[in-house]
Structures are given as structure tokens and as C-alpha cells.
Number of protein chains: 2
Amino acid sequence: MSQGDADPQAGRDDGVRLDTSLGYLLKEASSALRAAMEEVLRPLGMTVTHYSCLELLAQRPGLSNSELARGAFVTRQSMNVLLQALERDGEVERAAEAPVGKALPTQLTAHGRRRIADASAAVRSVETRMLAGMSEADQAAAFRALQSMTRALRES
Amino acid sequence: MSQGDADPQAGRDDGVRLDTSLGYLLKEASSALRAAMEEVLRPLGMTVTHYSCLELLAQRPGLSNSELARGAFVTRQSMNVLLQALERDGEVERAAEAPVGKALPTQLTAHGRRRIADASAAVRSVETRMLAGMSEADQAAAFRALQSMTRALRES
DNA sequence: TGACTCATGTCAGTAGTCTGACATAGCGTG
DNA sequence: CACGCTATGTCAGACTACTGACATGAGTCA
């Protein structure tokens, strides 16, 4: 920052104070997490959304495209593009026709399971590093705070 | 979710437990915040990065392109594209030549100040809603936790 | 002085995500 | 049954942000 110490905020009481704003801090932390994940996933040739998709399928086999999209926080259109690529690359397989409705259940292939194993370990190490220096109580408090913020934002 | 209750995690002890992962929760909260901000900024014809840039300039006039990029958590290339558009639209103005080095200081125009006033109020209301139901102590704890996570992720 | 390193601005191309739109399947209600 | 509502899958186009690359200015050091 190349400016002096005069406070440009003076006389502007309607601004969001960046350095004390929880919203800004939330974005900052999320950005740092994303960057750290990209760094460890890049050598594996995997993006964050790619990883998220496989991780979701590892934990909950049979999720549909729309469910995966919600779990990875992207639109179902974006997830659809990704799923087509993953199917082409043999990491996942989708039922040919819907057992009910239009939702097509998706599963990991053996290849997909190998891919997610490496990626999951890498991401787990990032999360471990992120939590270093935080006590159990700190983590529990952060957990409740993040849940509270998410819930409050959703009920609009 | 359309699956039964069998636990696919059984026998896979290396997975990131989504529903208890602070990393996942952080992404979820950040995603909710971003969606809420986009919702209130859309009527103003403004994206989140667009808003972030103007807010930074309102609080710290004279920031350079690279400094704005870091503050808005995008690359300097992305911010450069945005700044060119904002300059064309008359919301900001940049010095013609660098007073020192190559960094070009940027300021809001009168038009830019009017734009950010509305946007800032809208975003402030979102943040207020996000914090509803959290005590001062909760907010302070969240503040410390987010700072700790960001710091831990950065020192790689 | 010259070489090296770092930060900055900028151009070009690529990749990921989004909005808009359409068709279809299930569900509830008159 | 017919109608509306909701959720889903998918295609197409536009936009945003990214990576890669190059040139320039400032500081460091032998």
C-alpha cells in the first residue's frame, strides 16, 4: 500500500470497513483455501470443482448431476459440462436411463477411485495445515459461526 | 439426496468428511455470501469484483492496479481488464504516467463515488443480515478463527 | 557500471462458469 | 382427467477470470 496515513474513511460513515469486516475476512480465508487447494491439485491435473465432484461421489455414490452441482456450489449447467468430460475420461459412469424422474445416478469407476484417493489425501493435508494452531474449542466456535452465517444468508 | 442410509464412508478412512469439514463449511459460507451479494448488486448492474474495486478505492484512494487486484482477490490481469472498462465508463481515472516505478495510482470520479454509495449500502445490509443472531463474542471468535486459518494457509 | 531480482502494466489465448432457453418427468389440486 | 408448479438434463452463447508471455522501472550487490 503506497498511501500515507490520512484516513479517507473520515466523513464517510457508510462504508464497509474492510479490515474489520467479517464478510471481507470470510472472502479472504476462502480465497486462501482455494489457492492452497489449487496448488496441491494442479500436479494431479485436477481443478477444485473436479475434486469436489469426485469427493462427493466417493462419499455418496449415486448422486445426480443437480445434487453434485449443489454440493460443489456451482450451477447444474457447469456440473453437466464437467460430468461429460469425466465420463469421457472414464472417471465416472452414469446410468443410461433414469430409474425415476429424470435424475441420472452417477458412480465412480475404478479409475475415478484411484484419482480421488490421491487428491483427497492432498486436500486433507491442506485442511490440516489450515487448522494448525487452533484448539478444539476454536474449531468448534468457527464451526458454529460459519453455520450461523450461512443459515442467516439463506433465509432471505 | 436420494440414497439410503448405508455409510459409503465405511472402510474409507482417508476421506474428507464433508458435513464436519471446516474447509467445506468455509466454502459453503463464502458461496452463500457471494450469492447474496450478487443478488443485491445485480439491480445496480455491478459484479462483486466491480464493487470490491470501487470500495477499495473509496477507502484507499490512489491504489494501483496490482494493489487493487490483491485486495479483491483476483489476478492483476483480471483487475486490469476491469479497470479499463471502469475508466471507459468514467467511474475511475488513472494517472497518465507513473510518479514512481510503473504503478499508476487510481481514483474514483464523482460518478464512481455515486455508484459506490448505493452499492456499499446494499452490501452493508447483506453483512448485517449475515451477522444477525451472532453475539459480539461470537463475532470476535469468528474473526480470530478466520484470521488464524488465513495466516496458516499462507505460510506454506 | 553491469547483472540479477522483483514488482508492475499490458496483451493474447484459454478455460471455467454463468445466464438463457427448451423439453421432459413427477406431484399436487381443482 | 387437465392444469400448473417444480425439478431435472441439456444445448448454446456470453462473460469472467485465469495462465502464459513480454517489456519496463526500481532496488541490490559484486
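Proteins get letters first, then strands, A, B, ... in listed order; numbering begins at 1 in each. Quick caveat, the model's predicted, so the values are computed rather than measured.
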Visitor: Give a yes or no on whether a salt bridge exists between R124(B) and E55(B), defined as a side-chain N under 4.0 angstrom from a carboxylate O.
Guide: no
Visitor: Start at the 5' end of DNA chain C and walk down; is the nucleotide closest to T47(A) or to R42(B) reached first?
Guide: T47(A)
Visitor: Rounded to whole Å, how long is the line connecting atom CG of N65(A) with atom P of dC11(D)?
Guide: 11 Å
Visitor: Restricting to side chain to side chain contact (heavy atoms under 4.5 Å, CB included), what partner residues turn up for L104(A), sequence neighbours left out?
Guide: R94(A), A98(A)
Visitor: Just jot down the salt bridge (charged side-chain N to carboxylate O under 4.0 Å, His left out) partners of R129(A), sequence neighbours excluded, or say none.
Guide: none
Visitor: Enumerate the residue pairs fulfilling side-chain hydrogen bond (donor to acceptor under 3.5 Å, both in side chains) with a member in residues 95-113 of chain B, sequence neighbours excluded, ordered by first and then second residue.
Guide: none
Visitor: Does the side chain of V48(B) reach to within under 4.5 Å of the side chain of V123(B), using non-hydrogen atoms?
Guide: no
Visitor: Name the pairs: protein N/O against N/O of nucleotides 25-27 of chain D, kept only if under 3.5 Å.
Guide:
none

Visitor: So where does chain A start and stop touching DNA chain C, 5' to 3', when the test is distance under 4.0 Å to a non-hydrogen atom?
Guide: dG16(C) to dG26(C)
Visitor: For E38(B), what residues pass the salt bridge (charged side-chain N to carboxylate O under 4.0 Å, His left out) criterion, not counting sequence neighbours?
Guide: R34(B)
Visitor: Restricting to pairs with a member in residues 71-80 of chain A, which pass side-chain hydrogen bond (donor to acceptor under 3.5 Å, both in side chains), not counting sequence neighbours?
Guide: T75(A)-S78(A)
Visitor: Enumerate the residues from residues 74-96 of chain B whose closest heavy atom to DNA chain D is under 4.0 Å, giving them by residue number; use none for an empty result.
Guide: V74(B), T75(B), R76(B), Q77(B), S78(B)
Visitor: I need the CG-P distance between L41(A) and dT19(D), as an integer number of Å.
Guide: 14 Å
Visitor: V48(A) or S66(B): which one's nearest nucleotide on DNA chain C is closer to the 5' end?
Guide: S66(B)
Visitor: With sequence neighbours left out, write down each residue that passes salt bridge (charged side-chain N to carboxylate O under 4.0 Å, His left out) with E93(A), or none if nothing qualifies.
Guide: none
Visitor: Output the rounded distance in Å from CD (E67(A)) to P (dA7(D)).
Guide: 13 Å
Visitor: Side chains of L57(A) and L68(A): closer than 4.5 Å at any heavy-atom pair?
Guide: yes
Visitor: If a pair satisfies side-chain hydrogen bond (donor to acceptor under 3.5 Å, both in side chains) and one of its residues is in residues 138-149 of chain A, list it, with sequence neighbours excluded.
Guide: S135(A)-D138(A)
Visitor: May I ask you to test the E91(B)-H50(B) pair for a side-chain heavy-atom distance under 4.5 Å?
Guide: yes
Visitor: To the nearest 0.5 angstrom, please state how far the CZ atom of R115(A) sits from the CG atom of L86(A).
Guide: 8.5 Å
Visitor: Among residues 30-40 of chain A, which contact DNA chain C at a heavy-atom distance under 4.0 Å?
Guide: none
Visitor: Considering residues at least two apart in sequence or located in another chain, which fulfil the side chain to side chain donor-acceptor pair (under 3.5 Å) criterion with T47(B)?
Guide: none
